[in-house]
Amino acid sequence: MTLGLALAQSRRIAPALLAQLEQSAREKKTQLIDEIVGSGTMSAHDVALFAADKYQLPLLDLAQYNLNKVPPALAGNREFHAHRLLPLGRRENRLVVGMSDPSNQAGLDAIKQKYNLPMETVVVEHDKLMKHVRSAGEAAGTLKDVAPGMSAERKLIEYDPVASTGAQRNRTGTGSDIDDAPVVRFLQKLLTEAFHRGASDLHFEPFETFYRVRFRVDGVLQEVARPPLDIRDKIATRIKVLSRLDISEKRVPQDGRMKLLLALPQEKDAKEVVEKAVDFRVSTLPTLFGEKIVMRILESSSDKLDIDQLGYEPEQKALLMETIKRPYGMILVTGPTGSGKTVSLYTFLNLLNQGDINISTAEDPAEIQLPGINQVNVNDKAGLTFAAALRSFLRQDPDIIMVGEIRDLETADISIKAAQTGHLVLSTLHTNDAPTTLTRLMNMGVAPFNIASSVLLITAQRLARRLCTCKRPGTIPREALLDAGFKEHQIDGSWQPYHPVGCERCNGSGYKGRCGIYQVMPITEAMQQIILSHGTALQIAEQARRDGVLSLREAGLLKVRQGVTSLEEVLATTNT
């Protein structure tokens with residue numbers, strides 16, 4: 001019995017209405033369940049409940065199921081998707097598949113006959129099923145999935161770090177291998193999709209038996225495609241041509257840059273489009289089975305440089321605002337790669353960027369373009385190191401200097417001398433928290449009295465995933481809260497922890513976007529005494545606690561109390 005007939009016999013749908021829906025499905029060349037759900041006659045959830053009861057099958061909520069655990073060979077199988085079937089994994093010797101219309105026996109029989117594999121069926125909601133089928137279809141590992149035409153014009157152009165924007169020119173390559181049209185469209189589609197998903201990085205990874213593409217979204221890597229293994233060299237060549245890299249050199253790592261011009265609608269469903277330029281930093285690395293390529297999306301716009309959006313607590317923000325207005329000294333931002341240090345630094349610079357201030361920056365490379373600031377890309381091969389750039393800055397009457405990263409003693413020494421001679425210096429270091437930054441400088445060879453007399457403030461930071469609007473309140477055992485770092489007086493029932501749920505907006509993860517977790521530590525006189533006496537990071541941390549400085553874990557727990565993120569996310573991103 002078909003699903004439509006079962007619904008009519010159960011008086012869920014009137015026979016006359018069913019006839020209309022069937023006629024509409026024939027005209028649109030869709031399936032009946034598409035019309036039932038799409039017209040609003042019944043919700044996808046109600047249809048799934050009915051189907052599970054009618055056909056005596058389990059009901060599975062896809063929003064609560066981790067499809068990332070499904071083997072990619074199954075998840076990207078287009079033959080299943082063509083029959084509205086979603087592979088969910090194996091149970092013993094049976095393949096578990098989800099379907100929204102259990103009466104679709106023809107699709108099940110076709111798959112069973114081809115693969116000769118026993119199957120176990122579960123019912124899923126139609127809208128969630130189709131969302132995953134469409135998503136998997138778009139990211140399937142064949143170039144045939146790339147449509148020849150696109151709704152908005154997109155073009156890739158070379159990036160020339162020397163030439164002006166007007167001097168940049170379109171480039172299509174010189175050989176048919178480079179300009180293979182499906183490869184070009186496939187790459188364009190991936191880059192566009194990465195931008196729309198809010199990805200920070202794209203990873204192109206060759207292995208012995210497969211080639212995969214992954215996006216890092218909100219700090220988490222997600223596999224999105226498995227192109228055919230034999231086109232890995234064409235994709236690598238195309239990226240290297242656009243990034244102005246040597247396509248004949250495959251034995252050593254290379255670094256480059258490219259730009260994507262993307263035509264975006266000004267509003268949803270709007271016909272007018274606005275062209276947006278997106279920069280990508282490209283890094284190649286020879287591996288056992290080909291070149292791995294990682295592309296970092298550089299958000300060069302200064303529109304998001306708002307200190308209120310970074311997530312500092314009011315006391316932390318007030319302390320920062322007071323410190324960055326000091327005429328000289330050093331402010332350090334610390335944290336691992338990808339923790340948002342550059343955005344924080346440029347937010348400070350944006351606040352300081354006035355007509356009567358001379359600001360110079362040395363970066364590798366400059367990720368955010370800010371008018372009114374003199375930005376320099378360091379080039380070690382050409383001899384333009386951080387230290388060399390700093391020496392030049394000091395001869396150009398700067399008020400504020402930003403150093404992308406202090407990597408060695410020479411750069412640290414020049415930066416500290418600049419901070420001691422009337423300049424405000426901002427820079428970054430890779431350390432776990434604010435107290436260890438001071439001992440890291442000492443270990444690099446910087447004299448303690450230079451550190452004590454120049455460093456004004458250190459802020460350590462992490463990025464935690466922000467809970468989506470679909471979050472739901474829940475309970476956490478008291479012992480778990482205490483183990484996480486909450487104090488007894490903080491577990492008073494005045495706040496409610498939230499848990500991730502998963503919806504279409506957040507692609508089922510329960511998280512959308514990220515928020516900053518900060519430790520803002522000013523260098524007080526008591527802390528200066530500890531530095532001068534060659535104190536340890538533990539002694540500095542104890543003094544910071546006495547000064548009222550929140551640790552990264554304590555700042556994260558505050559975000560949990562505010563309902564911004566979950567306890568699990570804070571535990572995963574901060575140290576105890």
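Around the CZ atom of R326, the shell of radius 6.0 Å holds no more than 12 heavy atoms that belong to other residues, nucleotides or ligands. By the 6.0 Å contact criterion, CD on Q496 is enclosed, its count of non-hydrogen atoms from other residues, nucleotides or ligands being greater than 12. More than 12 non-hydrogen atoms from other residues, nucleotides or ligands lie less than 6.0 angstrom from CZ of R514.
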Notebook entry, point to check: Can you list the steps and then say if M521 with I540 is a side-chain contact (heavy atoms from CB on, under 4.5 Å)?
Noted result: CA-CA 10 Å; M521 187 181 79; I540 296 171; 4.2 Å; yes
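Here the side chain of W495 pairs no donor or acceptor atom with the backbone of G563 at under 3.5 angstrom.
The pair D364-R407 meets the salt-bridge criterion, since a charged nitrogen lies less than 4.0 angstrom from a carboxylate oxygen. By the 4.0 Å N-to-carboxylate-O rule, E205 lies close enough to K292 to be salt-bridged with it.
Looking at residues two or more places apart in sequence or on another chain, you find a side chain to side chain donor-acceptor pair (under 3.5 Å) between T437 and T431.
Cation-pi geometry between R226 and F210 is met: under 6.0 angstrom from the ring centre, within 45 degrees of the axis.
There is a side-chain donor-acceptor pair under 3.5 Å between Q420 and N450. A donor-acceptor contact under 3.5 angstrom links the side chains of E313 and Q562, judged on distance only. Under 3.5 Å, the side chains of T385 and D380 contain no donor-acceptor pair of N or O atoms. Defined by atom type and a distance below 3.5 Å, a donor-acceptor pair is present between the side-chain atoms of S344 and Q461. Between S454 and Y328, the side chains place no donor N or O within less than 3.5 Å of an acceptor N or O (distance only, hydrogens not considered).
Under the salt bridge (charged side-chain N to carboxylate O under 4.0 Å, His left out) rule, E569 has a single partner from R465, R466, K471, which is R465. Each of I406, L345, T334 was evaluated against T428; a single residue qualifies, L345, per the side-chain contact (heavy atoms from CB on, under 4.5 Å) test.
Taking CG of L426 as the reference point, atom CD1 of I359 lies at 9.0 Å (rounded to 0.5 Å).
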